[in-house]
Amino acid sequence: MPEVKSMFREVLPKQGQLCVEDVPTMVMCKPKLLPLKSVTLTKLEKMQRDAQETIKQQEMVQSSQDETQP
């Protein structure tokens with residue numbers, strides 16, 4: 001990988017102590033939007049609605065058959 005030339009040159013002291021302070025700072029990031037309903041809950045609700053519709057259709061067919069029979 002080619003070396004990138006920097007505008008600044010690193011300088012380390014030859015005598016004395018080297019002091020480095022690491023101060024944690026706040027980092028702002030994008031807010032994470034959470035869904036109000038999970039994907040699993042949405043699927044379960046859809047399955048339940050489909051099952052209820054199927055039951056209603058079966059009841060309607062059965063009631064119409066009962067009406068036609070003497």
Side-chain angles (χ1 to χ4, degrees):
M1 198 175 349
E3 190 174 316
V4 178
K5 293 190 177 186
S6 175
M7 289 177 34
F8 302 104
R9 188 173 51 93
E10 184 177 308
V11 177
L12 295 175
K14 303 240 188 268
Q15 292 180 340
Q17 295 180 352
L18 177 63
C19 180
V20 177
E21 291 184 21
D22 186 23
V23 180
T25 58
M26 296 291 288
V27 176
M28 302 299 279
C29 62
K30 291 175 119 178
K32 293 177 175 64
L33 298 177
L34 298 175
L36 295 177
K37 290 185 178 180
S38 67
V39 175
T40 306
L41 181 61
T42 307
K43 287 180 183 178
L44 287 172
E45 287 178 343
K46 183 180 181 303
M47 287 172 55
Q48 187 175 15
R49 272 186 266 121
D50 292 344
Q52 286 177 346
E53 287 179 21
T54 304
I55 291 171
K56 283 182 185 178
Q57 288 175 356
Q58 290 175 351
E59 288 175 349
M60 290 178 68
V61 168
Q62 187 176 8
S63 66
S64 67
Q65 287 178 355
D66 289 343
E67 290 174 3
T68 58
Q69 292 179 354

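What you see below is based on every heavy atom in this structure, not just the backbone, and it leaves out hydrogens, waters and symmetry mates. Fair warning: this is a prediction, and the values are worked out from it, not measured in the lab.
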Quick one: NZ on Lys32 to NZ on Lys30, what's the gap to the nearest 0.5 Å?
10.5 Å

Excluding sequence neighbours, so at least two apart, what forms side-chain contact (heavy atoms from CB on, under 4.5 Å) with Lys37?
Leu41, Thr42, Glu45

By side-chain contact (heavy atoms from CB on, under 4.5 Å) - contacts of Thr40 (at least two apart):
Ser38, Leu44

For the atom pair CE (Met47) and NZ (Lys43), what is the distance rounded to the nearest 0.5 Å?
10.0 Å

Just wondering, more than 12 heavy atoms not from Gln62 lying within 6.0 Å of its CD?
no

side-chain contact (heavy atoms from CB on, under 4.5 Å) partners of Lys46, counting only residues at least two apart:
Arg49, Asp50

